[in-house]
Amino acid sequence: MFLRVTRMKAFRLRGSSMSSMYQLYSHPGLEKGSVERILLKSHALGLPISSIETEFCFNVSLSSPASFTEANKKMVEWCLKEGGHKIGPNSFLSAASNQMIVEVGPRMNFTTAWSTNCVSVLQAAEIHGVPRVERSRRFLVTSSAVLSQEQKQTFVSIIHDRMTEMVYTEPLKTFETGIKPKPVQWIPVMKEGKKALETISAELGLGFDDWDYEYYLDLYKNDLKRDPSDVELFDLAQSNSEHSRHWFFGGIMKIDGEAKDESLFRIVKDSLEKNPNTNKNSIIAFADNSSSIIGAKVRALTPAYNVDKSLPAGAPCPLVDHELDMDLIYTAETHNMPTGVCPFAGAETGTGGRLR
């Protein structure tokens with residue numbers, strides 16, 4: 001891992017009309033509290049850092065650079081500018097002695113949720129030809145003494161998540177990673193039978209059991225009469241997993257050869273339905289993705305049509321102060337695990353499921 005250490009005046013990083021990517025800088029970057037927490041953590045780890053200043057860098061990718069005019073760039077700048085922040089094509093940070101500039105941002109192989117939202121906003125503003133915008137964070141670090149390479153690495157570990165982010169050693173020119181997809185592999189089920197499925201299951205960690213082997217062997221050998229691809233089997237392993245299908249949790253339960261009337265799912269749900277006190281407190285239970293319990297009445301701003309039923313729902317209207325029933329949501333969705341797409345917010349259900 002390398003650091004970009006800059007000791008020069010603010011400078012312009014690409015931005016010619018023919019470039020496939022250009023940068024906009026916004027200052028200040030992180031909120032004061034976030035900077036203070038980084039500084040406190042640096043001190044706790046023994047780093048002689050006296051101050052930290054930050055800015056954001058918006059890396060704007062263009063699909064047709066030649067047709068993207070200066071007026072388009074001004075519109076992008078207007079959309080990205082936050083109130084009270086300075087924004088422009090030049091960095092607002094410059095490093096002197098005992099200072100360094102470090103830049104971290106998203107890895108290239110995933111378009112972040114932030115980028116998706118940003119592109120949607122630009123398209124709503126009729127700004128087209130911008131397929132992706134990623135925001136990196138730049139840190140101007142001042143220390144009482146020149147930091148050693150080990151100390152620099154320690155600081156970098158504080159300011160980014162290495163699973164989803166990386167250090168930018170130079171200004172980005174493209175979001176292309178240079179990674180080439182692995183060719184599709186055909187699994188010789190017609191020739192080798194069950195053994196071929198066992199081999200690919202071990203290789204890709206598909207977790208097939210005896211039932212899976214029998215089912216997929218019959219499907220491809222006797223029904224489809226062809227070999228499956230590794231892509232198909234990987235997809236089937238996820239789609240038909242316990243996580244997605246709940247074969248075990250929702251299936252017929254047999255104990256000592258005797259089929260039971262209730263599945264494990266049914267037994268768990270009965271704990272709510274057969275308890276009248278709990279049932280009164282539950283607004284949503286065993287529904288998809290979350291549950292809700294009774295909250296309280298809260299005064300809040302709400303569209304006037306929620307109060308005056310004579311107004312057409314969804315139409316433009318003023319906001320009014322009104323008392324609303326606000327119930328409490330308890331998220332208990334199994335997709336909420338760290339992923340490359342949205343690790344801190346819990347991973348959007350669809351994409352998180354595919355990555356699994």
Side-chain angles (χ1 to χ4, degrees), residues 24-38 40 54-56 58 74-88 106 111-128 130 133-135 137 269 271-273 275-339 341-352:
L24 286 171
Y25 298 88
S26 175
H27 184 275
L30 297 176
E31 296 180 353
K32 184 178 179 181
S34 298
V35 175
E36 289 177 350
R37 284 192 292 273
I38 294 173
L40 287 173
T54 67
E55 69 180 5
F56 291 133
F58 299 104
K74 287 292 183 184
M75 283 291 290
V76 172
E77 185 176 317
W78 182 82
C79 288
L80 293 175
K81 185 176 182 180
E82 295 185 45
H85 288 215
K86 297 179 290 184
I87 191 168
T111 299
T112 63
W114 186 93
S115 174
T116 302
N117 290 335
C118 183
V119 170
S120 295
V121 170
L122 295 178
Q123 290 176 346
E126 298 187 357
I127 303 171
H128 304 287
V130 181
V133 181
E134 295 292 2
R135 185 179 67 177
R137 306 181 302 281
K269 291 181 179 181
S271 65
L272 172 72
E273 296 173 5
N275 186 334
N277 294 324
T278 302
N279 209 20
K280 289 177 183 177
N281 194 45
S282 295
I283 304 300
I284 302 172
F286 298 110
D288 193 22
N289 299 337
S290 68
S291 59
S292 175
I293 63 172
I294 293 175
K297 290 188 177 296
V298 179
R299 297 203 69 84
L301 290 176
T302 185
Y305 54 71
N306 285 336
V307 179
D308 185 353
K309 299 304 180 184
S310 66
L311 298 174
C317 68
L319 296 175
V320 297
D321 183 24
H322 187 66
E323 192 174 71
L324 303 172
D325 288 321
M326 302 288 280
D327 296 322
L328 302 176
I329 294 292
Y330 284 86
T331 299
E333 166 54 41
T334 52
H335 290 284
N336 293 343
M337 41 71 174
T339 73
V341 175
C342 197
F344 305 112
E348 296 93 337
T349 297
T351 311

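Atoms considered below: every heavy atom in the structure, side chains included; atoms not considered: hydrogens, waters and symmetry mates.
- Legend: residues meeting side-chain hydrogen bond (donor to acceptor under 3.5 Å, both in side chains) with Lys297, ordered by chain and number and at least two apart, are Asp325.
- Considering only residues two or more places apart in sequence or on other chains, Val130 meets the side chain to side chain contact (heavy atoms under 4.5 Å, CB included) condition with Val60, Leu62, Phe68, Leu122, Ile127, Val133.
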Legend entry - Test side-chain contact (heavy atoms from CB on, under 4.5 Å) applied to Glu134 and Thr112, step by step: CA-CA 7 Å; Glu134 295 292 2; Thr112 63; 2.7 Å; yes

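- Shown here for Asp327 and Ile294, the closest heavy-atom pair between the two residues is OD1-CA, 3.6 Å.
- By the side chain to side chain contact (heavy atoms under 4.5 Å, CB included) test, Lys86 pairs with His27, Phe92, sequence neighbours left out.
- In this structure, CZ in Arg37 is found 8.0 Å from CD in Glu31, a value given to the nearest 0.5 Å.
- Counted within 6.0 Å of CH2 on Trp114, heavy atoms from surrounding residues, nucleotides or ligands total more than 12; the atom is thus considered enclosed.
- Partners of Arg135 according to the side-chain hydrogen bond (donor to acceptor under 3.5 Å, both in side chains) rule, which considers only residues two or more places apart in sequence or in another chain, do not exist here.
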Inset, instruction - Any chance you could lay out the side-chain contact (heavy atoms from CB on, under 4.5 Å) test for Phe58 and Ile87, step after step, and finish with the verdict? - result: CA-CA 10 Å; Phe58 299 104; Ile87 191 168; 4.2 Å; yes

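- Legend: residues meeting side chain to side chain contact (heavy atoms under 4.5 Å, CB included) with Asp308, ordered by chain and number and at least two apart, are Ser310, Leu311.
- The environment of Lys269 atom NZ is dense: over 12 non-hydrogen atoms of other residues, nucleotides or ligands sit within 6.0 angstrom.
- Rounded to the nearest 0.5 angstrom, Leu301 CG and His322 NE2 are separated by 12.0 Å.
- Partners of Thr302 according to the side-chain hydrogen bond (donor to acceptor under 3.5 Å, both in side chains) rule, which considers only residues two or more places apart in sequence or in another chain, are Asn306.
- Considering only residues two or more places apart in sequence or on other chains, Glu36 meets the side chain to side chain contact (heavy atoms under 4.5 Å, CB included) condition with Lys32.
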